[in-house]
Amino acid sequence: NYDEMTFPFRSEDSDHNIFELLTVHDCGFGIHIGGSSDDNLFLNCDVYNIYDPLSTSMIDGSLVADPYEDGDGFSIGYGGLGTTNTYRGCRAWNIADDGWDLWRSDSHVIIDRCWAWNCGYAPDGSIGGNGNGFKLGITETSTAWASNPPILRTITNSIAYGNRTCGVHQNGAYCAAEFYNNIAYKNGEFGFWMYSYNKPHIFKNNISFDNKY
């Protein structure tokens with residue numbers, strides 16, 4: 001729950017920034033950007049050893065313990081339509097939940113030359129959170145895009161490997177996505193999971209190898 005969490009790095013409604021060579025590690029959450037933030041670049045940033053054993057979730061109207069469910073590496077939440085934010089040369093590893101979580105963001109998110117590995121495990125190697133390298137959804141807007149969805153997710157030259165669930169997971173992102181020159185290797189389920197909606201995605205020169213499915 002973003003409203004209740006304490007972030008080691010959080011930027012809201014902030015534009016035209018370059019966040020370079022940031023390192024966040026050994027805490028409960030990584031780097032978060034949200035709101036109407038536009039034209040921000042995260043450059044060569046590292047997030048690792050992110051574990052949140054005290055996280056909670058709302059289930060059937062009650063707040064209950066949900067260990068390791070909120071410990072993401074990089075997240076962008078509630079991003080405004082018409083904004084663009086970029087991650088370039090960033091790395092996320094040993095993350096309890098997801099390496100990247102683009103939860104409820106309508107921003108065009110560009111992920112270029114980034115790595116996500118060993119996500120989805122608790123510190124002792126047992127099951128942690130969702131365990132995706134790059135989780136692309138959900139988006140806030142949907143029905144207006146039914147016939148002509150915009151491209152709001154661009155992943156290029158990036159690698160996802162050894163994650164407990166998927167290298168890339170659509171997670172209900174109701175938009176088009178494009179993938180160029182990426183590798184998904186040895187993930188616990190799928191390399192690229194894009195089954196939520198039948199949208200006009202673009203895949204060129206990607207490799208999915210030695211994943212479970």
Side-chain angles (χ1 to χ4, degrees), residues 19-20 22 30-33 40-48 50 72-77 79 83-121 128-139 149-213:
F19 302 106
E20 186 172 5
L22 301 177
I31 292 174
H32 176 76
I33 185 171
N40 295 289
L41 170 63
F42 289 87
L43 182 62
N44 297 328
C45 298
D46 288 326
V47 180
Y48 61 94
I50 301 298
D72 295 311
F74 296 90
S75 76
I76 177 167
T83 64
T84 299
N85 293 283
T86 301
Y87 301 90
R88 179 164 293 123
C90 297
R91 294 155 294 270
W93 71 97
N94 296 350
I95 308 296
D97 196 12
D98 303 299
W100 269 257
D101 190 340
L102 314 185
W103 176 252
R104 307 194 76 88
S105 178
D106 286 350
S107 180
H108 180 198
V109 180
I110 300 170
I111 298 172
D112 176 48
R113 285 171 277 174
C114 294
W115 294 49
W117 71 95
N118 201 42
C119 299
Y121 298 99
N130 296 147
N132 301 290
F134 302 100
K135 191 166 72 174
L136 307 186
I138 59 175
T139 43
I151 293 175
L152 294 183
R153 306 290 186 255
T154 299
I155 302 184
T156 58
N157 308 303
S158 294
I159 298 174
Y161 73 89
N163 299 295
R164 188 177 62 81
T165 308
C166 297
V168 176
H169 197 294
Q170 186 177 10
N171 194 48
Y174 202 92
C175 63
E178 55 186 355
F179 304 89
Y180 299 96
N181 309 317
N182 303 293
I183 297 173
Y185 170 68
K186 213 173 183 62
N187 297 286
E189 294 184 3
F190 294 89
F192 298 86
W193 194 99
M194 300 296 292
Y195 294 166
S196 295
Y197 306 105
N198 184 19
K199 298 301 177 187
H201 307 303
I202 300 171
F203 284 84
K204 291 186 178 181
N205 301 320
N206 300 285
I207 296 173
S208 182
F209 176 70
D210 203 21
N211 305 287
K212 183 176 181 180
Y213 302 112

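It should be emphasised that the depicted structure is a prediction, and the values quoted were computed from it without experimental measurement.
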Main chain of [Y], side chain of [X]: is a donor-acceptor contact present, judged purely on distance under 3.5 Å?
{"X": "T154", "Y": "I110", "answer": "no"}
{"X": "N171", "Y": "G137", "answer": "yes"}
{"X": "T139", "Y": "S105", "answer": "no"}
{"X": "N182", "Y": "N206", "answer": "no"}
{"X": "D98", "Y": "N130", "answer": "no"}
{"X": "N40", "Y": "F19", "answer": "no"}

Within a strict 4.5 Å, meaning less than it, do heavy atoms of the [X] and [Y] side chains meet?
{"X": "L136", "Y": "M194", "answer": "yes"}
{"X": "I33", "Y": "F42", "answer": "yes"}
{"X": "N187", "Y": "C166", "answer": "no"}
{"X": "I202", "Y": "I151", "answer": "yes"}
{"X": "H201", "Y": "Q170", "answer": "yes"}

* How about T165 and N132: does a side-chain donor come under 3.5 Å of a side-chain acceptor? -> no
* To do: Pick out which of W93, W100, Y48 makes a ring-ring contact (aromatic ring centres under 6.0 Å, His included) with W117.
  => W93
What class does the angle between the rings of [X] and [Y] fall in, given that below 30° is parallel, 30 to 60° is tilted and above 60° is perpendicular?
{"X": "W193", "Y": "F190", "result": "perpendicular"}
{"X": "Y161", "Y": "W115", "result": "perpendicular"}
{"X": "F179", "Y": "F203", "result": "parallel"}

* Atom pair OG/CZ of S75 and R104 - distance to nearest 0.5 Å -> 14.0 Å
